[in-house]
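What follows is a single structure, written as structure tokens, with notes after it.
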2 protein chains.
Amino acid sequence: MASVKNTQGTKTSQAVVDTAADAVEEFIRRRKKATINDVARLARVSKKTVSRVINNSPSVRNETREQVNDIIARIGFRPDPQARGLAFRRSFLFGLIYDNPNAQYIVNIQSGALDRMRGTGFELVVHPCDKESDDFLEEIREFVELQRLAGVILLPPIAENRALLAVLEDLDVPYVRVTAMHGAENDPPILSPQVVSRDRHGCMLAAEHLLALGHKRIGFVTGPAGYASARERRQGFNEGLSKQGLSIDPALEVEGAYSFESGLEAGLKLLDRPDRPTAIFASNDEMAIGVYRAAFQLGLHIPDDLSVIGFDDTPAAGRVQPPLTTVRLPIRDMGRAAAETLIDPEAERRASTIVSASLTVRDSTGPAETIFKP
Amino acid sequence: MASVKNTQGTKTSQAVVDTAADAVEEFIRRRKKATINDVARLARVSKKTVSRVINNSPSVRNETREQVNDIIARIGFRPDPQARGLAFRRSFLFGLIYDNPNAQYIVNIQSGALDRMRGTGFELVVHPCDKESDDFLEEIREFVELQRLAGVILLPPIAENRALLAVLEDLDVPYVRVTAMHGAENDPPILSPQVVSRDRHGCMLAAEHLLALGHKRIGFVTGPAGYASARERRQGFNEGLSKQGLSIDPALEVEGAYSFESGLEAGLKLLDRPDRPTAIFASNDEMAIGVYRAAFQLGLHIPDDLSVIGFDDTPAAGRVQPPLTTVRLPIRDMGRAAAETLIDPEAERRASTIVSASLTVRDSTGPAETIFKP
DNA sequence: TTGTAGGCGTTATCAG
DNA sequence: CTGATAACGCCTACAA
């Protein structure tokens, strides 16, 4: 109870500082987690004033603010997120919700988002889910509601699930969708904050690359129907081909499931025939590597007998033999941008952050000429 | 204010139920998030009693308990984790802390842990960190302290960092280490809850497999010095060799960094000479695939000219050409077990959960005989 | 500009 | 076994 009373006669500024300093050091010695009350007492203000300082309220005299901040720094006070959240009716947690099998993608998004979140006081809660489950929506609703999330990051493919978006709107929680940029299509574009990648453009580059190498008979392995990315990539590739008056040959198009196995199967279907294509574009690396396997099984050599392009530029792309030419997306940057959207208060612009794709040319693509058998 | 007063004359059990039912339906109609107060009012008990029911306190009459649970179920009440956390001085969050570049590993641990956590009310907060950073420890301390974590899962290699463990002990937060089982060694084993894998045993199997195929000159690519897993794997492989009176040949041992590049480099060093080994064991898949590249560069064919074994059984292992023989660890199960350790109150047994390794034989290993050049 | 009273939703204390 | 009452640490409303 060593309450320090300020002697009337000596309440010069210096004296105040001294006695306060004692109290502060006394406090630090006990090294207990400081609360807003400690700060208030030590700074000789009400806790409401401390609260104002914490929340950057403008209505605090500068002198007072400095005084408070000084104490805060000295005793190492950090407001308790739980208490704050309780009062705010909202936590300081972002939820990362996904149903996506690509580990590298998930981890990259995560680390990008966390990168941006560092120092902001927000934390990231991961929440994989099963979009085929019966209680898919209810499960997510409960998660978001119960945790009173401060924001949600949605990854493909569920970022395109309108029913899910409706739930989030209903819950009134800020959210960002990470997805492939939406091209002109039948269904209307979704107008909520999003981080979009120029998948189409990337695939256009891929098509142009193959065209430049002289390829004409080109196989295409589509992604699963219903996936925005699959649609975009197909469209982009087609656009690229169209620059030379070509287009995706229906006879040389096979739908895959973004998996190695589906790529292998598609590859066999495309290659195990006399009029096989001289090049194949697979809508992701996973499937492209499946095509590698198909080529191997058929005794075809890449890139001499067949050129292959993938999409994603996963680490594996650089490690298979031959290293895979592929479209690269800056996934980490997308994670960063997603977090940014949730953090920045003016995210209400409801705008899109756009990131572009590029082509990483490696050794899986070569000139078409060498393939002609005289 | 439609407070339902119970008419004295009609307070039969049935009447009570009826009026209560009305109030309940009335409440449900407004579909607002229910609080403990709502439950208390509707169940005609104090909120403390509701609290007791929530927390499975034994001192509640069964009848009362059922009554309360009934209301809870009907209005869909879920206690607020933030408020609960505030009162408990402890959140319902587990932290997953790691400094590990293996995306697949991270995601598998995550999904295993989340798998076990489903329905328990706990959530998982991911926290990558940089063990080389100056404020490595302080940063983690603040994270754990501020979030008042209910538990921490530590992944290799920081799961072996004693300074970090000391911090966690000091913070008095429950934690589990996921790591390779500790063999007899110089430094004393760490005696905190852990989920350990039999890396040694797995590598013994690998050695035996190569031995059985007739290999004698076997190269070994070690993991980075200081990593428990690296040490264990080496020891296990050596033990395996010793069964045939062999041991790791110092001239055929190269240290790698668990990366593709280091594997490539090690592979070149091992293979680019006349007395090259007929088989190489790399301490993880990443490096094994680097060895693939080295072999390719030197014009060696796997498995005809060289057998290769990796460790981890990452998805890539099954996709490279030829598919890689590798030691498999049930990573997801380890994640599950880690969560289990934190969830189960009797985790104080301070015991280890042990999972075993197995050998996945694919096509990268073949008989040594074929290599002899007559 | 600052402080007081009250509340956020839950649990702990200590009576009854 | 049950219930007032006071925390938990912070914020909002309303005064001063």
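Below, all heavy atoms of this structure are taken into account, side chains as well, without hydrogens, waters or symmetry copies. Naming convention: chains lettered A, B, ... in sequence-line order (proteins, then strands); numbering from 1 in each chain.
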What N/O pairs connect the protein and nucleotides 9-13 of chain D at under 3.5 Å? Give each pair on its own line.
unit_1: dG9(D); atom_1: N2; unit_2: A83(A); atom_2: O; d: 3.4
unit_1: dC10(D); atom_1: OP1; unit_2: D80(A); atom_2: N; d: 2.9
unit_1: dC10(D); atom_1: OP2; unit_2: I36(A); atom_2: N; d: 2.4
unit_1: dC10(D); atom_1: N4; unit_2: K47(A); atom_2: NZ; d: 3.1
unit_1: dC11(D); atom_1: OP1; unit_2: N55(A); atom_2: OD1; d: 3.3
unit_1: dC11(D); atom_1: OP1; unit_2: N55(A); atom_2: ND2; d: 2.8
unit_1: dC11(D); atom_1: OP1; unit_2: R84(A); atom_2: NH1; d: 2.7
unit_1: dC11(D); atom_1: OP2; unit_2: S51(A); atom_2: OG; d: 2.7

Take F77(A) and D38(A) through the test side chain to side chain contact (heavy atoms under 4.5 Å, CB included) and record every step on the way to the result. CA-CA 9 Å; F77(A) 165 73; D38(A) 300 319; over 6 Å; no

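- Below 30°, between 30° and 60°, or above 60°: for F122(B) and F94(B) the angle between ring planes is below 30°, a parallel geometry.
- Within the 4.0 Å cut-off from OP1 or OP2 of dG3(D), at least one side-chain nitrogen or oxygen of S46(B) is found.
- Listed by chain and number, the residues in a side chain to side chain contact (heavy atoms under 4.5 Å, CB included) with R61(A) are E63(A), T64(A) (sequence neighbours excluded).
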Apply the test side chain to side chain contact (heavy atoms under 4.5 Å, CB included) to residues V45(A) and V53(A): give CA-CA distance (whole Å), side-chain angles for both, the deciding distance (0.1 Å), then the verdict. CA-CA 11 Å; V45(A) 296; V53(A) 172; over 6 Å; no

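- In this structure, V60(A) and V68(A) have side chains that are not in contact, with every pair of non-hydrogen atoms separated by 4.5 Å or more.
- Put simply, CD on Q67(A) is 13 Å from C1' on dT1(C), counting in whole angstrom units.
- Where the helix from dT1(C)-dA16(D) to dG16(C)-dC1(D) starts and where it ends, the local axes point in directions that differ by 40°; five pairs per end, rounded to 10°.
- Between K33(A) and R89(B) there is no side-chain heavy-atom pair separated by less than 4.5 Å.
- Between the P atom of dG9(C) and the CD1 atom of I75(B) lies a distance of 13 Å, rounded to the nearest Å.
- Rounded to whole Å, the distance from CD on Q147(A) to P on dC8(C) is 20 Å.
- Proximity note for T64(B) (side chain, C-beta onward) versus dG3(D), dT2(D), dT2(C): the nearest is dT2(D).
- Salt bridge status for D80(B) with R84(B): absent, with no side-chain N to carboxylate O gap under 4.0 Å.
- Panel note: side chain S91(A), backbone G85(A); no donor-acceptor pair is recorded below 3.5 Å.
- Residue contacts shown for S59(B) include a base, since a base heavy atom lies under 4.0 Å away.
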